[in-house]
Every structure is written in structure tokens, then in C-alpha cells.
Amino acid sequence: MEKAHCSITPKAPFDFDLTAGYHTYFQGHYGTDSLDQGVYRRLLDLNGSLVLASVRSVGSVDSPELSVELRGSGLTPERVDLAAKQIGWLLGVDQDLAPFYDLARQDPAMAAVTGQFHGLHLPHTATVFEALVLGILGQQIATNVARIIRTLLIETYGPRGLFDKIFDGESNDEEPFFAFPRPEALAACPVAELRGMKLSWRKAEYVQGVAAEFAGGTDMERATLEVLGDEEVVNRVTQLRGVGRWTAQWLLIRALGRPDALPLGDLALRRVVSRLYFSGEPVDDAQVEEFCIPWSPWRSYATVYWFTALRRGMA
DNA sequence: ACCCAGGCATTGG
DNA sequence: CCAATGCATGGG
């Protein structure tokens with residue numbers, strides 16, 4: 001077991017606790033990610049070998065700096081660099097929040113939200129596959145139910161590594177960490193077995209199908225989708241069974257970091273827009289879409305900040 | 001016991 | 001092309 005260190009300089013403003021916390025749904029632990037005592041941890045799957053990254057802030061919101069400790073084997077300089085890139089991507093460190101904040105200033109409700117959550121960047125998933133599977137697992141069910149199901153899938157089929165929990169120290173207190181399941185692992189898993197993950201037949205079929213697509217080589221990897229326009233990405237991923245416009249829009253936000261996606265159909269989005277802007281009167285998707293026109297081309301940011309307000313009890 | 005929750009595909013008009 | 005329906009699970 002080798003150890004290596006590196007540092008990352010996010011684009012300011014960057015609030016580490018908020019951003020890592022959003023990634024874990026403001027729970028100490030959510031699926032593959034944990035935020036504990038100011039340390040964000042994630043088991044990276046670097047070309048098939050497992051590296052535990054422990055990240056903490058050594059700067060401030062306006063002068064951010066992250067210290068990363070890596071543990072694993074084969075930590076060559078190239079792989080350390082790759083790990084740093086992945087951590088940076090997971091935490092969205094390169095995003096420039098300024099244009100969105102400028103727009104938010106014109107809206108009192110949003111100005112309050114961006115004031116409260118100043119420095120929140122939009123976290124990303126490690127892969128397109130991860131965003132798709134998490135999306136499917138989250139369809140139409142309550143977030144806490146989704147959390148149970150996602151965690152079960154990850155801890156059953158995800159690559160597992162045992163690591164000392166102490167940051168930058170040694171102890172005999174080892175703890176298991178999980179990376180997101182690889183496509184091959186889920187593709188090899190019969191639908192009947194996936195149903196044991198508290199999935200409906202339908203969702204088990206969706207997950208199996210998406211896994212088979214990615215295990216067999218696909219034209220939907222991030223490198224491929226990256227060069228396409230939003231619409232073209234949506235057209236392509238909605239070809240997959242189980243992936244509709246809601247999942248596709250969340251994929252644009254979470255897996256590709258697109259700034260202007262809008263997950264219409266999302267009940268929570270309707271609820272938060274209703275509460276913040278329509279005095280709690282119910283709104284439908286058409287009203288949400290119309291209302292969000294002025295937020296373009298920053299609708300992903302508006303969406304994530306509204307969700308944060310909702311999750312943190314501001315709406 | 002019910003009803004709803006950060007949808008989707010399928011089916012029937 | 002729009003509306004209705006089944007689906008799994010856990011919490012209110």
C-alpha cells in the first residue's frame with residue numbers, strides 16, 4: 001500500500017463542505033461518497049485499480065485549496081495526476097459561478113439562496129454509466145428510498161477496498177469503501193438477481209440493459225458525448241430503455257457538467273418553484289419551463305441551487 | 001389501510 | 001398525439 005499527496009486549487013468562490021455535502025446529499029455517507037469530520041472520501045476506480053482519495057480543505061471559500069491524500073498501489077506520478085483530475089471533476093472545481101451569480105442578483109428569492117450557499121459548485125458523477133444507473137434507481141421514488149436502494153446496489157456489486165479510516169495517519173481500524181459497480185459486474189448479473197436489490201422487474205431490466213450497453217463498448221462514454229450538443233446527447237441516451245427526458249437532463253447536469261439543463265417532470269423541482277415563486281400554488285411542467293426561460297443559459301445552476309434550498313429546508 | 005415519492009414504457013382512446 | 005396504468009419500496 002503506497003501513499004501519495006497532491007493538491008487542487010478550485011476556482012473561487014468554492015465552499016468545500018457545501019459542495020462535498022451536496023454530493024453526499026448532506027448525509028455523512030451516501031453511496032460511494034462520504035463526508036466525515038471535514039474529510040471527503042471516495043474510492044477511485046483508476047483503470048481497474050482502486051485508490052482511496054481523502055480530501056480536505058486547507059484554504060477558504062475565497063481562496064480555496066484542497067489537500068488530497070491517495071492510498072493504493074501503483075501510484076505513479078501519472079496516476080496521481082489522473083486521480084487529482086477525477087477528484088477535481090467530482091467536485092466541479094473548475095466551474096465559474098460568477099455569471100450565474102450575476103443573474104441571480106436580479107431575483108430576490110434566488111439571491112437569498114445563492115447568498116446562503118455561496119461557493120457551492122455542482123458536483124459530478126465519475127462516469128456517464130454511474131449517472132444513468134443512479135438516475136434509473138431514483139425514478140419515481142422518495143429520496144430516502146432511493147438512498148437505501150442505491151447503497152444496497154453499490155455495496156453488493158461495487159469494487160470494495162479496505163482502508164484505514166484515519167486521515168494522514170495510521171491505525172488498525174480498517175473500514176470498507178466501495179467504488180461504483182462496473183458495467184461488466186451488472187451486465188453479468190441476471191435480471192432476477194438484480195431484483196434482489198429491491199428493484200421492480202422493469203427497473204432491473206433497465207439497469208441490466210444499460211450495463212450491457214456500457215460493458216459491450218458504447219458510443220455513450222463521456223469522451224464521446226462531450227463533443228455533442230445537449231439535444232444530441234438527449235436524443236442518444238434516451239434510446240436506452242429506461243432513460244427518459246428527466247434522466248437525460250440530470251445526466252447533462254451530473255455526468256457532463258452542462259450549464260443549461262432542466263429536468264422537467266421532476267416533482268421536487270415543481271414543488272420548489274411553486275413554493276418560492278407561486279406562493280405554494282401547484283405548477284405543472286409547462287409553467288416551470290416558461291418560468292425558467294430567463295434562467296437560461298444557467299438553468300442547471302438554478303436547478304441545483306433550488307434543490308439545495310429544498311434539501312436544506314429553505315423552501 | 002391508504003397515499004405519495006426527485007419517472008418510464010406501454011397501452012388504449 | 002394525450003391520458004391512464006402498473007411498478008417497488010418505505011415513510012407519513
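Small disclaimer: the values here were computed from a predicted structure and weren't measured. Here is the naming used below: chain letters follow the sequence lines, and residue numbers restart at 1 for every chain.
Salt-bridge annotation for Glu205(A) and Lys203(A): absent, with no side-chain N of the basic residue lying under 4.0 Å from a carboxylate O of the acidic one. Between Asp45(A) and Arg182(A), at least one side-chain nitrogen of the basic residue sits less than 4.0 Å from a carboxylate oxygen of the acidic one, meeting the salt-bridge criterion. Salt-bridge formation is detected for the pair Arg42(A)/Glu130(A): a Lys NZ or Arg NE/NH1/NH2 atom is positioned less than 4.0 Å from an Asp or Glu carboxylate oxygen. We find that Arg236(A) and Asp219(A) are joined by a salt bridge, their nearest charged nitrogen and carboxylate oxygen being less than 4.0 Å apart. Comment: Lys11(A) does not engage Asp94(A) in a salt bridge, judged by the lack of any side-chain N to carboxylate O separation of less than 4.0 angstrom.
A distance of about 16 Å separates the P atoms of dT11(B) and dA8(C), rounded to the whole Å. Look at the C1' atom in both dG10(C) and dA9(B): the space between them is 24 Å, to the nearest Å. Comparing dG6(B) with dA3(C), their P atoms sit 23 Å apart, to the nearest whole Å.
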**Pairing annotation in dot-bracket form, given for DNA chain B with Watson-Crick or G-U pairs under 3.5 Å and | for cross-strand partners** = .|||..|||||||
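Using modelled atom types, one finds a donor on one side chain and an acceptor on the other under 3.5 Å when comparing Asp266(A) with Trp250(A). Side-chain polar atoms of Gln116(A) and Tyr305(A) form no donor-acceptor pair below 3.5 angstrom.
Nucleic acid contact class of Trp250(A) (heavy atoms, under 4.0 Å, all strands): base.
Aromatic pair Tyr40(A)/His23(A): ring centres closer than 6.0 Å.
Of the residues in residues 127-155 of chain A, those lying under 4.0 Å from DNA chain C by heavy-atom distance are Ile141(A), Asn144(A), Val145(A), Ile148(A).
Following rounding to the nearest Å, Trp306(A) (CH2) and dG6(B) (P) show an atom-to-atom distance of 17 Å. Here dC7(C) presents its C1' atom at 18 Å from CE of Met197(A), a figure rounded to the nearest Å. One interatomic measurement links the two molecules: NZ of Lys198(A) to C1' of dA5(B), which rounds to 16 Å at whole-angstrom precision. Protein atom CZ of Arg202(A) is 10 Å distant from nucleotide atom C1' of dT11(B), rounded to whole Å. Atom CZ of Arg271(A) and atom C1' of dA5(B) are 8 Å apart (whole Å). Between Asp284(A) atom CG and dC2(C) atom C1' the separation is 14 Å, expressed in whole Å. Remark: C1' of dG6(B) and CG of Leu252(A) are 16 Å apart, rounded to the nearest angstrom. One atom, CD of Gln239(A), and another, P of dA9(B), lie 11 Å apart when rounded to the nearest Å.
Across dC8(B), dA5(B), dT9(C), the shortest atom-to-atom separation from the side chain of Leu267(A) is found for dA5(B). Nearest nucleotide to the Trp201(A) side chain, out of dA9(B), dA8(C), dG6(B): dA8(C).
The closest donor-acceptor contact from the side chain of Thr32(A) to the backbone of Ala179(A) lies at 3.5 Å or more, if one exists at all.
Mapped onto DNA chain B by nearest heavy atom, Ala268(A) and Arg241(A) fall at different nucleotides, with Ala268(A) at the one closer to the 5' end.
For the side-chain contact (heavy atoms from CB on, under 4.5 Å) test with Leu44(A), the passing option among Leu52(A), Ile87(A), Leu50(A) is Ile87(A); the others fail.
Between Lys203(A) and dC7(C), a side-chain N or O to OP1/OP2 separation shorter than 4.0 Å is absent. Side-chain nitrogen and oxygen atoms of Ser200(A) include none within less than 4.0 Å of the OP1 or OP2 phosphate oxygen of dG6(C).
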